[in-house]
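Quick notes on the structure that follows.
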There are 2 protein chains.
Amino acid sequence: MPSSTAVWQGGLEFSVNQDDHEFTIDGSAEFGGRDSGPRPKNLILTALIGCTGMDVVSILEKMKIRDYKLTVRASGEFTEEHPKIFRYIKIEYKFVGEDLPLSKIERAVELSQDKYCGVTEMLRGKMELSFDIILEKP
Amino acid sequence: MPSSTAVWQGGLEFSVNQDDHEFTIDGSAEFGGRDSGPRPKNLILTALIGCTGMDVVSILEKMKIRDYKLTVRASGEFTEEHPKIFRYIKIEYKFVGEDLPLSKIERAVELSQDKYCGVTEMLRGKMELSFDIILEKP
């Protein structure tokens, strides 16, 4: 069963064990933390780009498309009132390679966004979600 | 502006930079990964316990309640059909200390769950969310 455990270390710092991997999360100095690890709420962005990124490389692998580099980036902005959630999240998929097949790449991203990515599905309807695909030559 | 960037490393592995902290995420062997870091979808659990955990220690600090240990754990189960989301998430707040003030602790957890925790708010309505509070003597 998926689980995660966070043990308080004082201040806003927690030691996390997730999937048998240990890491630290912390608040920024602005909110009384010591920045000893990433912010928990922004882990939503990482969950999202990790989930869709793994989908996309898996789908492209099945299409025998392998010769590219991929960077996935998400950015957003919080609402001003509590509880502060993302008003919107923009995802950018940047592929670098020679002769990249745009229509297959678009298809892979759309399959992830529409069908496979559980994180997208958990956030859908809660905020504006948009994505861009960028193709670049090396 | 909050953001996160993931650079594909081959397989299902991505190097993440979030809040100027670097870490690796990866899939399990079962899904073709090498388990070199935590799963992205389970980061939803870590985002949730980190967000509410930081709320709770901050609220208790304002109530001058400081002499305790806290472990926050979340577990859930995925739906069977794509897109696989959490069907439910259970959160357990375990406090260890002498003479812990239950009603104030309950108040702090409820303030987080009902008012402050943006991650709870982003997931609300998408799945069953429940929480337990456990008080233990050292």
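Note that the coordinates shown come from a computational prediction; the quantities given were computed from them, not determined experimentally.
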- Heavy-atom distances under 4.5 Å only: say whether A:Lys84 touches chain B with side chain, backbone, both or neither.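 Backbone only.
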
- Item | Residue part contacting chain B, namely of A:Val72, when any heavy atom lies under 4.5 Å | both

- Sort out for me which of B:Met54, B:Glu22, B:Arg73 touches chain A most, counting heavy-atom pairs under 4.5 Å.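 The candidate making the most pairs under 4.5 Å is B:Met54.
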
- Based on non-hydrogen pairs under 4.5 Å, which of B:Pro83, B:Ser28, B:Ser36, B:Gly50 is most in contact with chain A?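 Looking at each option in turn, the highest pair count goes to B:Pro83.
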
- Item | Minimum heavy-atom distance B:Gly118-A:Ile85, with the two atoms named |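 Result for this residue pair: O-CG2, 3.5 Å.
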
Should [X] and [Y] be regarded as members of a common hydrophobic cluster, given that ILVMFWY residues are connected when their side-chain heavy atoms come within less than 4.5 Å of each other, either directly or indirectly?
X        : Y        : result
A:Ile105 : A:Met63  : yes
B:Val7   : A:Val56  : no
B:Leu111 : B:Leu135 : yes
A:Leu102 : A:Val96  : no

Hey, is [atom1] on [X] packed in by over 12 heavy atoms from elsewhere, all under 6.0 Å?
X        : atom1 : answer
B:Lys137 : NZ    : yes
B:Glu98  : CD    : yes
A:Glu80  : CD    : no

Just give me the residue among [options] that pairs up with chain B most often, heavy atom to heavy atom, under 4.5 Å.
options                             : answer
A:Gly27, A:Gly37, A:Gly53           : A:Gly37
A:Asp20, A:Ile25, A:Asn17, A:Asp55  : A:Ile25
A:Cys51, A:Ala6, A:Ser75            : A:Ala6
A:Asp26, A:Leu70, A:Thr120, A:Leu48 : A:Leu70

- Message: One pair to check against side-chain contact (heavy atoms from CB on, under 4.5 Å): A:Arg124 and B:Lys126. What are the steps and the verdict?
- Response: CA-CA 9 Å; A:Arg124 198 191 303 282; B:Lys126 290 286 183 167; 4.0 Å; yes

To the nearest 0.5 Å, what is the distance between [atom1] ([X]) and [atom2] ([Y])?
X       : Y        : atom1 : atom2 : result
A:Phe78 : B:Met1   : CZ    : CE    : 11.0 Å
B:Tyr93 : A:Trp8   : OH    : CH2   : 14.5 Å
B:Glu61 : A:Leu12  : CD    : CG    : 9.5 Å
B:Phe86 : A:Met122 : CZ    : CE    : 5.5 Å
A:Glu77 : B:Ser3   : CD    : OG    : 12.5 Å

- Message: Donor-acceptor pair, distance only, cut-off 3.5 Å: does the side chain of B:Asn42 make one with the backbone of A:Pro2?
- Response: no

- Taking A:Gln18 for the side chain and B:Thr46 for the main chain, is one N or O donor matched with an acceptor at less than 3.5 Å? no

- Decide yes or no on side-chain contact (heavy atoms from CB on, under 4.5 Å) for B:Phe14 and A:Val57, but give the supporting numbers first. CA-CA 11 Å; B:Phe14 284 80; A:Val57 298; 4.2 Å; yes

- Query: Hey, what's the ring geometry for B:His82 with A:Tyr116, parallel, tilted or perpendicular (30° and 60° as the breaks)?
  - Reply: perpendicular

- Verify side-chain contact (heavy atoms from CB on, under 4.5 Å) between B:Asp35 and A:His21, making sure each step is shown before the conclusion. CA-CA 9 Å; B:Asp35 188 29; A:His21 292 277; 2.8 Å; yes

